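Below: one structure, written as structure tokens.
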Amino acid sequence: MTTRPYVILSAAMSVDGYLDDTSPERLRLSNAADFDRVDQVRAESDAILIGATTMRRDNPRLLVNSADRRAQRVADGRSEYPLKVTVTASGDLSADLNFWHHGDSKLVITVDGAVEKVRATLGDLADVVSVGPELDWGLVLDELGRRGVGRLMVEGGGTIHTQLMAANLADEVHLAIAPLLVGQPEAARFLGSADYPGGSTARMKLLEVRAIDDVVFVRYAPKERTA
């Protein structure tokens, strides 16, 4: 039986729960010290996953920035950078995005109806695999497990965080809470409406909380809910 990865949801959000505002520029929620913490988590991960919407909107490179951390990965017998993964049901991707042109291996997980479209768009920029007629997160994690991914860092967006939390597939949640208020209902949120396991009274286990300059870092274990 395939062992699924240990899944970490990672996000920076405002005090009122937003991942961004509605301005054209990306809202800087975190600070330099917390960005370095994120870099460490990336370096410890076997793969980093983002959704196609986040890729199109933010155009991230998703790299381990520290040369020392990259060197340690190599010394440990791993690739310099973690595998980069995106998930898309529509197959609407562009070969020009930064995601494909930095780091090491890339993987696209999609559905039967979009797999040929993605392969035609990306060519040899990424490995492309379908999990069937519909996107099933259990099958996504099974596929990553078969590829040797033991620790998966999920960096968004909110739709993916919501789906994984609702399916009870997140092992940890890492939240950097910035001292900002967005207050724009149309802006992206960390989590949306869903039928979450245990309902509104189920309390997640707190693993860690600490201040990182003006940001509060909180780590929860969603699967260890209590009534």
Side-chain angles (χ1 to χ4, degrees), residues 5-45 47-51 53-55 57-66 69 82 87 137 151-227:
Y6 188 86
V7 178
I8 299 169
L9 307 189
S10 176
M13 71 179 191
S14 63
V15 169
D16 54 344
Y18 289 93
L19 298 173
D20 203 352
D21 60 15
T22 58
S23 67
E25 295 77 29
R26 178 71 172 158
L27 177 64
R28 183 184 174 96
L29 288 158
S30 197
N31 57 41
D34 189 62
F35 283 132
D36 187 66
R37 176 195 62 78
V38 171
D39 198 62
Q40 178 65 40
V41 180
R42 286 181 179 178
E44 294 168 351
S45 301
I48 304 169
L49 184 149
I50 61 169
T53 299
T54 298
M55 188 193 302
R57 184 187 67 224
D58 298 342
N59 197 22
R61 297 185 303 161
L62 286 187
L63 300 177
V64 176
N65 294 313
S66 165
R69 289 174 181 141
V87 176
W137 278 105
R151 189 175 181 89
L152 174 66
M153 182 182 187
V154 180
E155 294 201 39
T159 299
I160 287 180
H161 289 321
T162 299
Q163 291 172 350
L164 287 168
M165 287 285 279
N168 205 30
L169 293 173
D171 295 286
E172 287 189 25
V173 175
H174 292 187
L175 289 177
I177 304 171
L180 301 174
L181 296 171
V182 173
Q184 299 171 348
E186 62 274 28
R189 299 187 69 93
F190 167 53
L191 293 175
S193 300
D195 184 14
Y196 293 112
S200 59
T201 60
R203 304 178 74 91
M204 293 184 289
K205 181 179 179 180
L206 178 65
L207 300 176
E208 180 183 2
V209 59
R210 58 187 163 101
I212 304 177
D213 293 342
D214 65 346
V215 164
V216 175
F217 173 64
V218 182
R219 191 163 60 95
Y220 284 108
K223 291 181 180 178
E224 299 184 45
R225 291 177 172 92
T226 58

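Predicted model only: the values in this text are computed from it and were never measured. Position 1 is the first residue of the sequence, and the numbers go up from there.
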message: Could you walk me through whether Leu191 and Tyr196 satisfy the side-chain contact (heavy atoms from CB on, under 4.5 Å) test, starting with their C-alpha distance in whole Å, then the side-chain angles of each, then the deciding distance to 0.1 Å, before giving a yes or no?
response: CA-CA 11 Å; Leu191 293 175; Tyr196 293 112; 3.5 Å; yes
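Side-chain atoms of Val38 and His174, non-hydrogen and from C-beta on, never get closer than 4.5 Å to each other. Within the 4.5 Å cutoff, no side-chain heavy atoms of Leu169 are placed close to those of Val7. By the 4.5 Å heavy-atom criterion applied to side chains, Ile177 and Val215 are not counted as neighbours.
Of the possible polar contacts, one joining the Ser14 side chain to the Tyr18 backbone as a donor-acceptor pair under 3.5 Å is found. Side-chain atoms of Asp20 do not come within 3.5 Å of backbone N or O of Ala188 as any donor-acceptor pair. Between the Asp213 side chain and the Asn31 main chain, no donor and acceptor come within less than 3.5 Å of each other.
Counted within 6.0 Å of CZ on Arg26, heavy atoms from surrounding residues, nucleotides or ligands total more than 12; the atom is thus considered enclosed. Atom OH of Tyr220 sits in a sparse spot, with 12 or fewer heavy atoms from other residues, nucleotides or ligands closer than 6.0 Å. The number of heavy-atom neighbours closer than 6.0 Å to NZ of Lys205, taken from other residues, nucleotides and ligands shown, is 12 or below.
Rounding to the nearest 0.5 Å gives a distance of 4.5 Å between CD1 of Ile50 and CE of Met55. If you take CG on Asp39 and CZ on Arg69, they are separated by 4.5 Å, rounding to the nearest 0.5 Å. In this structure, Thr162 OG1 and Leu9 CG are separated by 9.5 Å, a value rounded to the nearest 0.5 Å. To the nearest 0.5 Å, the span separating CZ on Arg210 from CZ on Arg37 amounts to 7.0 Å.
Between the side chains of Arg225 and Asn168, at least one donor-acceptor pair of N or O atoms lies under 3.5 Å.
Taking each heavy atom of Val64 and Pro82 in turn, the nearest pair found is CG2-CD, 3.7 Å.
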